[in-house]
Amino acid sequence: MQEFPIAKPSMAQFKWQDMEMGMFCHFGMNTFCSQEWGEGTDSPQNFNPSSLDARQWAGIARQAGFKYLILTAKHHDGFCLWPTKTTEYSVKSSPWKEGQGDVVKECAQACREEGIGFGLYLSPWDRHESCYPDKETYDDFYAEQLTELLTGYGPLVEIWFDGAGSEGREYDWPRIIGLVKKHHPDAMIFNMGAPTIRWVGNEEGLAPYPCWNRASEARISMFTETMITWLPETPQWLPAECDVPIRKHHWFWHPDDEGSLLTLDELMHIYYHSVGRGANLLLNLAPDNRGLIPEADKKRVLGFGDEIRRRFSKPIARTEGRGNEILLTFSTPQTLNHSVIMEDILHGERIQEYTLEINQNGRWIQLVHGSAIGHKKIDCFERLETSQVRLNILKAEDVPLIRSFMCFDVI
Ligand code: FUL
């Protein structure tokens, strides 16, 4: 008997983990000024994409296998991509569509049309807004911005609260979280207030191993060593999301920067170390100053999606089951070099230690010795021939429940 009940995901967290991959879109004033952290002083006149097409962004996301897209509605520079009532510093004051445009609306619609989830990033740190130093006034201002976004754009799957620039600053988290819960009870809350998902701890897209789903696993802010204080209602189950830009260190588009595009091998490395370790991957693709994802980035990310499908869409065999030993038996010997295991996490992350073995002429040979499985664990090993693979659970908090156990031969 366990002393404490095992942590379990809410149905919304479970569904979010099943999506596995999201596309981040950093777009805004910085796109037109070739900078990462604008100071909030650039004129709205700069914002003028010549051929913005959010359908292109969402279409690329869907084709590459992403199940959701998150747009930076407001980055640290304070410039708003929707015609907010809270400030003049928005698309409304820009030449784009003569001030009549709404990027958030176009993007929300595009995601709906493409059948993927939509989420929003709203930076708490605001370098433009003059009331920012006045905590209470800014809390009202931020709550109003958030309310506009939560009520005007249909269903949202995730709200991304970025801690950058906010070290030592307290916001009205009970109110902010209350607003999200009121309007979108199933939306994931990223890393602040009372989060339902957590930051993985780096911007390289790499989860540590093991990457347990428990809240106690990571409470460190990115820019300081201080612990983040989360509200007591933060759930015990808190899966990780790995955010990383497809162009090294650049979240926003910059001219003549294609050399920094990650290679397909680098992207696959990220995939194995994020999704393959049970975390979600949030890969950033930045639209350029035309308002389009550049051809090179598009090609690379579609190649990434193709490669994932090539490797993992045709298992040699698949099974599921409960207990400490799960066998996969083939009718004729098969060569294989990958396994993909999923725990039925709806009942908690029970497995703490496992091995994977293959039978060769009656002898069991150990290929893998691991700890966490969680939502998904991808293991890659030497290519061998066998007619039987065995998953042994050596240590578990409760009866192991395997949602799926598959083997692949990836050449
Ligand atoms: C960081 C920000 O400072 C970067 O500009 C970017 O938005 C990244 C996703 O989060 O904290």
Side-chain angles (χ1 to χ4, degrees), residues 21-42 47 57 61 66 68-81 103-104 107 118-129 132 142 145-146 149 156-169 171 176 188-193 195 197-207 218-228 230 240-254 257 260 262 267 270 274 279-288 293 297 301:
M21 299 215 305
M23 187 165 116
F24 221 168
C25 267
H26 274 63
F27 182 68
M29 184 57 78
N30 290 331
T31 311
F32 299 85
C33 306
S34 190
Q35 59 200 6
E36 287 288 307
W37 276 18
E39 290 175 10
T41 49
D42 297 303
F47 186 90
W57 315 350
F66 296 92
Y68 59 105
L69 185 154
I70 298 181
L71 173 68
T72 50
K74 178 186 85 168
H75 203 250
H76 310 320
D77 54 51
F79 185 77
C80 298
L81 293 185
V103 185
V104 177
C107 195
F118 181 54
L120 287 168
Y121 167 116
L122 182 69
S123 173
W125 183 34
D126 191 320
R127 306 179 90 184
H128 175 83
E129 182 44 44
Y132 184 75
Y142 190 79
Q145 291 198 328
L146 185 63
L149 292 174
L156 296 172
V157 296
E158 183 171 332
I159 315 293
W160 223 86
F161 294 113
D162 188 343
S166 292
E167 296 76 18
R169 169 80 178 226
Y171 299 98
I176 295 168
M188 291 298 110
I189 299 170
F190 180 81
N191 216 46
M192 293 185 92
I197 55 174
R198 71 178 200 265
W199 184 54
V200 79
N202 62 70
E203 292 186 335
E204 268 99 62
L206 309 175
R219 288 179 179 255
I220 307 288
S221 149
M222 175 158 69
F223 296 96
T224 67
E225 290 301 303
T226 49
M227 305 297 263
I228 297 170
W230 287 333
E241 183 178 54
C242 304
D243 59 320
V244 54
I246 197 163
R247 294 190 183 201
K248 275 187 200 106
H249 311 304
H250 286 169
W251 294 95
F252 287 91
W253 176 80
H254 300 267
D257 183 37
S260 66
L262 298 182
L267 288 172
I270 287 172
S274 52
N280 274 29
L281 170 61
L282 185 63
L283 180 67
N284 186 73
L285 274 94
D288 60 16
I293 291 173
D297 304 49
V301 80

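For ligands, and for the atoms within them, numbers begin at 1 and follow the listed sequence.
- Considering backbone and side-chain N/O atoms, H76 comes within less than 3.5 Å of an N/O atom of ligand 1.
- Near A164, meaning under 4.0 Å from any of its heavy atoms, are these atoms of ligand 1: 3 (O), 11 (O).
- In the vicinity of F24, heavy-atom distances shorter than 4.0 Å reach the ligand 1 atoms 9 (C).
- Listed by number with element, the atoms of ligand 1 under 4.0 Å from a non-hydrogen atom of E203 are 1 (C), 8 (C), 10 (O), 11 (O).
- Q35 CD to D42 CG: the interatomic distance, rounded to the nearest 0.5 Å, is 4.5 Å.
- Contact between W37 and ligand 1 is present, with at least one heavy atom of the residue lying under 4.0 Å from the ligand.
- Aromatic rings from Y132 and Y142 are positioned such that their centres are separated by 6.0 Å or more.
- A side-chain donor-acceptor contact under 3.5 Å links D243 and W199.
- Counting heavy atoms from C-beta outward, I159 and I176 have side chains that stay 4.5 Å or more apart.
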Mind running side-chain hydrogen bond (donor to acceptor under 3.5 Å, both in side chains) on H76 and S123 for me, showing each step along the way? CA-CA 6 Å; H76 310 320; S123 173; 2.8 Å; yes
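- The ligand atoms of ligand 1 that sit less than 4.0 angstrom from a heavy atom of Y121 are 7 (O).
- Only the side chain of D243 comes within 4.0 Å of ligand 1, judged by heavy-atom distances.
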Is there a side chain to side chain contact (heavy atoms under 4.5 Å, CB included) between R198 and N191? Walk through the geometry before answering. CA-CA 5 Å; R198 71 178 200 265; N191 216 46; 3.7 Å; yes
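- Close contacts between ligand 1 and H26 involve ligand atoms 6 (C), 7 (O), 9 (C) [criterion: under 4.0 Å to a heavy atom].
- Checked by atom type, the side-chain pair H254/S34 shows a donor-acceptor distance below 3.5 Å.
- Any N or O atom pair closer than 3.5 Å counts here, and W160 shares no such pair with ligand 1.
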